[in-house]
Every structure is written in C-alpha cells, then in structure tokens.
Amino acid sequence: MFEHSVKVPRHYKIAANIFKKVSTEGGSLKTLLYDDKLKHFRINVLYALINETIKHAADIDKIFENSCILDKESRLDPWLAKILTAELLFGKKALPGKSKPEQTILSYKDQFEKYASEHQDDLKTEVVRRPRYVRINTNLLTTSDAIRAFQDEGYRFIRCTSGSYDDYLKQIQTLTEYDFTQDYHVKTMFVFSPNTKLHEHELYLTNQIILQDKATALAVHLLAPEPGSVALDMCAAPGMKTTQLAAFMRNQGRVYAVERNERRYQTLCDFVQKTGSKCVETIHKDSLEIKKGDLDDVEYILLDPSCTGSGMELSVHTYVDSTRLAKLTSLQEKFLKHAMNSFPKAKRIVYSTCSIYPEENERVINNAVMNSRKNWRVQDAKELMKGQWNNFGSGMYGVMGTKCLYAKPDSDFTIGFFLAVLERNTKSFKRNSKNEEADDPKSSDSEEESASQNNKKTSKRVADEDVAPEESTKKKKKKNSYIDSEMADTIQELNIAAEDNTTVKSKKKKKDKRKEHVESVLYDVKEEQENTDCNNILNGSDELVTKKKKKKNKNKKQNEHSEAGEAENIEGNLDATLNETEAPSKKKKMKRKQEEVEQETSLQDNVEVSEVVHKKKKKKRDKSSEMES
Ligand SMILES: C[S@@+](CC[C@H](N)C(=O)[O-])C[C@H]1O[C@@H](n2cnc3c(N)ncnc32)[C@H](O)[C@@H]1O
C-alpha cells in the first residue's frame, strides 16, 4: 500500500525529466546530465537508468499499450512510469519505495511480466554491436604512422579487402580485439572490434586520433572539397566534421565553421585549436543570418543541422512528438534553402542528419530541390560510392530520395545516418556539355547520364583525396581531376522533355539550334535581371578560373589539367554569351518569353512540362500557318 507522505525517490524524478527533455526537445543525454544542478547525483546511475529506458522504449510502449495502464491511471506521469518500468523489468528488477507511482507500477508487475514472456521474440531489442571507428587526424599524424603506432602496441593490421563492400562488411565482423583494419571508403579511418577501449589512449588524448562513427565521416568524404578551396560548415559544433574537413583539405584553403550556441561554440573553438585545424575560421553566429555578400567565396557547404537523432544508438525515436518533428523539419528545409541561395559560388552541398525519418531527410531534400527552380540537383549516391553501398533513400517523396544514402546499424554497422549530395546546375555546364555532345556522337541527352558522368568525376576525386598526406600527394600530382560538375539547366531539361515528345521531334532540328541560342541568351537575361546570385556565380567562377590558371602556371611540371581547361572553356563560353546579351527591345521580348518559360518550368513533372511545351509549340505552329494563309 502506498503512503501519501512518501515521495518518489529523487533520482527517478530527475531521470524522468531528462528522459522527457531528450525525447521532446532533443539535446544530448550527456549534456543534460552534466548540468551543474546535478553535481550531487551519481551521474552514472542516472545515465544507466535513462539509457536502459531509452533502449527499451519501444518495448515499454507495447507493454503499456497492452495493459492500458496510461488510460487507467490518468494521474500517472507517463515519463516517470516508463523510467520505473524500465527499472522494474530491465534494471534492478525491483522498486524500493512506497510512493504512489512506484506502487502503481508494481501493481501491474505480473501483467507486464506475463506479456513480456509471451512476446519475448517481439520485444527483443536488437542491439547491434558497432565496431570502434577511429579517424586519423592527418593534421597531426599520418595514416602510416598511426598504423605503426598501433602495431607497436601489439595490434595486428589486417589489410583492407580488395573485394566488394559486402566482403569488407563480413571481414569487419570477424575482427578480434587485437585486430584493426582500414575502412573500405574512408581511408583515413581505422576499424577496430567493438569493445576496443581507446578513450585513455595517448593518441586520443592528444587529438591525433578521433573517435568518430564511419557514417558521419562519409559527409566530408562525399563533399570532397579540394585542398585550397573554401568550405562552410553551417552547423559546426562540436566540430567533428569541421576538423575532418580541415584534414581532408590538408589544412589548405579555408573552412568557415559556424555555430550559434555559445557553449557549443566554445567547444568547437577548443576542438579546432587542439586538432591543429589551422585553416578553420570559427564564427559564432546563426547560419541563417549569413547574407549574400558575407561569405561569397564559399564553394562547398556541409549542412548537418540539428535533428531528432533517431539514428543514434541511444535512440528515443519512439517518443519524438509530431510537433517537434514538424519544427525540426521546417528548420532543416529553411537551412537547406538558405545554403542553396546565399552562397553564389557554392557548387556542392552535403546535407546530412543522424535521423532515420524520411521527413527529416528525403522530404527536406525533395522540397528544397524542387524549390530551387532546378538550380540544384541531387547526385546519385550509388554512383558516388561506385556501387559499393547498399542502403539508399526511398521514393516516397519523389525519385530524388532514391539518390540519397542511408547508413544503417544492422547492415553497415554504423549509426543510422542520412546523406544527400547536391550539385549546382548551371548553364555553363549545359553549354559545355552541349559542345561535348556535338563532338561526341555517343554522348547522351539525358540528365541522368550526364549526371552519372559527373558523379564518376566526383567519386574519382573522393577516392584520391581520402588518403593521408604522404600517400595522397603522389596520386594527386597525377590527377588533380575535379572540375565544376555543373549540369544542364532548366531550359535544356525543358528541351529534353520536349524532344522526348515524339510529335515535336521531327520538324524542328534547324529551328532548335537557333532556339537553343535564343534560349541560352534568354536564360542569361533572366539571371541578369532576377538573380544576382548567378552573376555572382559567374564572377566567382571567373575568380576560380583565374586561381586555377595561376595554379596551372605554377605547376607547369604537373600533368595536364585537362578538366581545369574545360572549366576555363565553360567560363569563356559564358562570358561570350553574356556579352552577346541583346539590345533592350529584344530584351523585352525575351523577358516575355522567359516568363512563359518560367511558367512552364514551374511544373515539376517532366511529362507535364513536355505536354506544355508541346501545346505551346502546336499553338505557335497553328498561329504561323494562320499567318501564312
Ligand atoms: C548535429 S549538430 C552538428 C554536429 C557537427 N556537424 C559535428 O559533426 O560535430 C548541430 C549543431 O548545429 C547548431 N545549430 C543549430 N542551429 C544553428 C544555427 N541557426 N546556426 C548555427 N548553428 C546552429 C547546434 O547548436 C548544434 O551544435
């Protein structure tokens, strides 16, 4: 029997509060636990209790549902009830107190246990044991020195399999506690068996190695900024990816690392300094307040915004309420649109979350890319990973989702993680690719195929860059091969769509050539008049080209930069077209036409677009035959 005067033990109350906070507001369990107010508590006890509750949250939900406890006991706080139940069923297996909530839970004990034993298989919370991933901070240590250091301690280095990713996955499951190997994709990352304890390791304490999950390292791996380029980390603290970016770029160029939260900003600064990430410039600011003109030199953007964290091992995803999810997703979309629109020279964005909810992932990507008026497109992650990856997004919010990548605990042995690579579409690519197409009879019209070529270039660079300095320099000299991968623009896609429509196809070859020119000029006018963004891109690209030229001259001994040359051609063509921009009267006509085109392009579905184009062309034909008659 409970006694009114007996209160619930404090640590259960505190655990319930923290559990609620983590579940409804997000934030890290560890951060909440290390609050000053809790310094008199045994943090490890609280941690274990909350951890256990989170781990079994889905099971407790089912048990509660079956017993209808929350309906029957309307005054029982559900968060506290879950903490107490976790303690009773999965923790100490007892509740000490005589308080009302404890006694209520105890009165359901038999019912809970009966359900649990009858549904053992359903309730088994599968805990996947992830390997211990270690990123070598190549700012301070080379991968070969790291290998030697671990070997000196008695670890055995198992050579990375030369087979498939699936072979590698089998291999890492057999690692003994004395083994380590190199990650299949991120060559500056080592993989140890799950229980390897490295928190006290000298290399860890001196920041020469960083304990970071492999999935999160893929974000930088796929953003692949060149050394000497300019990258922006929009949500930077604590700085895992910022410092990885610096190392990836061999501390050459610049990484802007922006963080809004003051305390986390301090952590970021500290980490940046300790890791020797010299090319990082930390900025204490709200990323959404960075305006055009503030950081116009940014070429690569990493966007890793706050999310539900539903992919983390300590997942509370069953409790993420819909209001919080809605808030987060709208913020994530806002961030992505901001990234797409506020940095004129940005050519690639990697968007990542440690969430497994499509609302925070595929839907954000789909909405933002659709909204970008085809200025941005999603690169196919499967191609970027050279076919060596197994989990991708769903098409539930559109086909773009299928081009995104998921990392999954049960098959990739990482945390649950989502990643999308976005590439800016620009007319320069269109012109260039058109020139190439004209030269190459085998070349394809389709966006997918040119995109795939683009992906190949990116993945080639990714492979080149992801090695330690001394190993990569040789390779790099051979192939500094990344070029701006810019894709066909809206109008070209419109043409493709139109050309797919067989009724339009036959008559218009000559006319199309002329039209292509007019349209490209139109596009320029449109951008000149409406989109200062793209003018900036051009200016930016010019600068980029000048830089590249300088670099080229400087490195005359190096192998030919054929693709940098291509980039110059692209810009040359662009400049020429801009200079050609027609006289004002023509401009007006063009503007009208451009508005028509814009209306057409607002239709997202290519089929619809092709129909509109077809109708318009038909209308035009009818009109001209009317005139002729
Ligand atoms: C998921 S964490 C980033 C983790 C980080 N990328 C890493 O790898 O270490 C998200 C971070 O974004 C920060 N943040 C949230 N909103 C922001 C904003 N508007 N501007 C800048 N930073 C923001 C949060 O404070 C948090 O530190």
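Start at 1 with the first residue, then count along the sequence. Order of listing sets the numbers, starting from 1, for every ligand and every atom in it.
Between the side chains of Thr308 and Glu360, at least one donor-acceptor pair of N or O atoms lies under 3.5 Å.
Ring pair Phe90/His56 is parallel by interplanar angle, where below 30° counts as parallel and above 60° as perpendicular. Ring orientation note: the planes of Tyr184 and Tyr168 are tilted relative to one another, at an angle of 30° to 60°.
Within the 4.0 Å heavy-atom cutoff, Met234 counts among the residues contacting ligand 1. The closest approach between Gln244 and ligand 1 stays at or above 4.0 Å for every heavy atom of the residue.
Taking only nitrogen or oxygen atoms, main chain and side chain alike, Gly239 reaches within less than 3.5 Å of ligand 1. Where the criterion is an N or O separation shorter than 3.5 Å, residue side chain and backbone included, Arg264 meets it with respect to ligand 1. The shortest N or O to N or O distance between Phe335 and ligand 1 is not below 3.5 Å. Remark: ligand 1 and Arg260 share an N or O pair separated by less than 3.5 Å (distance only, no angle test). Any N or O atom pair closer than 3.5 Å counts here, and Leu288 shares no such pair with ligand 1.
Taking the centre and axis of the six-membered ring of Phe343, the NZ or CZ atom of Lys347 falls outside the cone set by 45° and 6.0 Å. Annotation: cation-pi geometry not satisfied between Arg130 and Phe413 (NZ/CZ under 6.0 angstrom from ring centroid, within 45° of ring axis).
Looking at Lys285, Glu262, Arg263, Glu259, it is Glu259 that brings a heavy atom closest to atom 14 (N) of ligand 1.
Listed by number with element, the atoms of ligand 1 under 4.0 angstrom from any heavy atom of Asp286 are 18 (C), 19 (N), 20 (N). For ligand 1, the atoms lying closer than 4.0 Å to a non-hydrogen atom of Asn261 are 25 (O). Taking a cut-off of under 4.0 Å to the non-hydrogen atoms of Ser287, the atoms of ligand 1 that pass are 18 (C), 19 (N), 20 (N), 21 (C). Counting atoms of ligand 1 from 1 in the listed order, those under 4.0 Å from a heavy atom of Lys241 are 6 (N), 7 (C), 8 (O). Interface atoms of ligand 1 facing Ser306, defined by a heavy-atom separation under 4.0 Å, are 10 (C), 15 (C), 24 (C).
Looking at Pro305 against ligand 1, only its backbone comes within 4.0 Å, counting heavy atoms. Residue contacts with ligand 1, taken as heavy atom pairs separated by less than 4.0 Å, do not involve Cys307 at all.
Of the possible donor and acceptor atoms, none in the side chain of Gln212 sits under 3.5 Å from a partner among the backbone N and O of Arg135.
Between Thr242 and the choices Asp233, Asp304, Thr282, the side-chain hydrogen bond (donor to acceptor under 3.5 Å, both in side chains) rule is met once, by Asp233. Residue Arg254 is tested with Leu232, Asp297, Val280, Leu295 for a side-chain contact (heavy atoms from CB on, under 4.5 Å); the sole match is Asp297.
Expressed to the nearest 0.5 Å, how far CE of Met249 lies from OG of Ser229 amounts to 4.0 Å. How far CG of Leu49 is from NE2 of His11: 6.0 Å, rounded to the nearest 0.5 Å.
The protein atom (non-hydrogen) at minimum distance from atom 4 (C) of ligand 1 is Ala237 O, 3.1 Å. Remark: minimum distance from atom 1 (C) of ligand 1 to any protein heavy atom is reached at Asp304 O, 3.4 Å. Remark: minimum distance from atom 12 (O) of ligand 1 to any protein heavy atom is reached at Cys235 CB, 3.1 Å.
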Show, in sequence, the C-alpha distance, side-chain angles and deciding distance for Tyr165 and His185, and conclude whether the ring-ring contact (aromatic ring centres under 6.0 Å, His included) test is met.
CA-CA 9 Å; Tyr165 177 53; His185 301 100; 4.9 Å; yes
